[in-house]
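Written out below as structure tokens is the structure these notes cover.
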Amino acid sequence: QVQLVESGGGLVQPGGSLRLSCAASGRIFNINVMGWYRQAPGKRRELVAAITTGGNTNYADSVKGRFTISRDNAKNTVYLQMNSLKPEDTAVYYCNADRVQTDGGYEYNRWGQGTQVTVSS
């Protein structure tokens, strides 16, 4: 089973920056879509950004112009550069990999354990 491990979360002041990383492990040939979701207390999990193997991206309106998603296909790793952070960005951020091609077939919607991002003065 494909495993995802996130890193880079922490406490940051408003206006600050963080860079999240997520590495997928396993015998992986391709991950069609990698993305970042977030969930704040009392709210539903929402898509923050996603990126395809070919580099096409999609962002939530609330983070456009502030966050940048990127990936290294050779390393099966996705990144989220978060700039100009706001208190509203506080949430647990989860890495997602969808349509993962492995030697044993396809896996769908694999999730990381989540990493806490807190934006506060």
Side-chain angles (χ1 to χ4, degrees):
Q1 192 172 60
V2 172
Q3 293 184 324
L4 304 175
V5 179
E6 300 111 329
S7 62
L11 175 65
V12 65
Q13 294 182 347
S17 298
L18 285 174
R19 184 174 178 85
L20 306 183
S21 299
C22 172
S25 63
R27 188 172 289 275
I28 300 168
F29 297 110
N30 181 57
I31 305 175
N32 274 251
V33 182
M34 301 189 78
W36 290 95
Y37 291 71
R38 67 186 182 187
Q39 187 169 23
K43 296 185 178 180
R44 304 188 72 174
R45 188 175 300 183
E46 64 175 354
L47 175 68
V48 177
I51 185 168
T52 68
T53 301
N56 294 319
T57 59
N58 187 36
Y59 295 92
D61 288 340
S62 60
V63 307
K64 288 181 179 178
R66 300 188 298 120
F67 292 9
T68 302
I69 189 169
S70 61
R71 63 187 288 173
D72 185 332
N73 293 332
K75 297 181 179 180
N76 292 315
T77 300
V78 63
Y79 308 93
L80 186 67
Q81 178 66 47
M82 304 185 294
N83 299 325
S84 302
L85 282 162
K86 305 175 181 179
E88 305 92 271
D89 296 317
T90 297
V92 177
Y93 283 70
Y94 296 91
C95 178
N96 175 269
D98 195 19
R99 194 171 171 82
V100 183
Q101 187 178 5
T102 74
D103 64 338
Y106 283 92
E107 295 184 16
Y108 302 89
N109 288 318
R110 305 305 304 165
W111 295 93
Q113 81 286 354
T115 184
Q116 177 70 48
V117 172
T118 302
V119 185
S120 176
S121 298

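Just so you know, these numbers come straight off a predicted model, no measurement behind them.
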Fill in: Test side-chain hydrogen bond (donor to acceptor under 3.5 Å, both in side chains) applied to Asn32 and Thr53, step by step
CA-CA 5 Å; Asn32 274 251; Thr53 301; 5.2 Å; no

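For Arg71 (side chain) and Ile51 (main-chain N/O), a donor-acceptor pair under 3.5 Å exists by modelled atom type. Tyr59 contributes a side-chain N or O that, together with a main-chain N or O of Ile69, makes up a donor-acceptor pair within less than 3.5 Å. Panel note: side chain Asn96, backbone Trp111; no donor-acceptor pair is recorded below 3.5 Å. Distance alone, capped at 3.5 Å, is enough to place a donor-acceptor pair between the Glu6 side chain and the Cys95 backbone. Checking side-chain atoms of Gln3 against main-chain N and O of Gly26 turns up no donor-acceptor pair under 3.5 Å. Between the Thr90 side chain and the Val119 main chain, a donor and an acceptor come within less than 3.5 Å of each other.
Distance check, rounded to the nearest 0.5 Å: OH of Tyr79 to CG of Asp72 gives 5.0 Å. Note that CG of Leu20 is 9.0 Å distant from CD of Gln81, once rounded to the nearest 0.5 Å. Here OG1 of Thr115 is found 14.0 Å from CZ of Arg38. Values are rounded to the nearest 0.5 Å. Atom CE of Met34 is separated from atom CG of Asn73 by 9.0 Å, given to the nearest 0.5 angstrom. The CG atom of Asp98 lies 4.0 Å from the CG atom of Asn109; values are rounded to the nearest 0.5 Å. Taking CG from Asn76 and CZ from Phe29, the interatomic distance works out to 11.0 Å, rounded to the nearest 0.5 Å.
Under the 4.5 Å side-chain criterion, counting only non-hydrogen atoms from C-beta, Ile31 is not in contact with Val2. Between Leu85 and Phe67 the shortest side-chain heavy-atom distance falls below 4.5 Å. Taking the side chain as every heavy atom from C-beta outward, Leu11 and Ser120 approach each other to under 4.5 Å.
Transitive grouping of hydrophobic side chains (ILVMFWY, heavy atoms separated by less than 4.5 Å) brings Trp36 and Leu18 into a common cluster. Under the 4.5 Å side-chain heavy-atom criterion for ILVMFWY residues, a single connected hydrophobic cluster contains both Ile28 and Leu4. A continuous path of ILVMFWY side-chain contacts below 4.5 Å connects Val48 to Val12, so both sit in one hydrophobic cluster.
Atom CD of Gln113 sits in a crowded spot, with more than 12 heavy atoms from other residues, nucleotides or ligands closer than 6.0 Å.
Across all their heavy atoms, Asn83 and Ser17 have their closest contact at OD1-OG, 2.9 Å. Looking at every heavy atom in both residues, Gly114 comes nearest to Val92 through CA-CG1, 3.9 Å.
Salt bridge annotation for Asp89-Lys86: absent, with no cationic side-chain nitrogen under 4.0 angstrom from a carboxylate oxygen.
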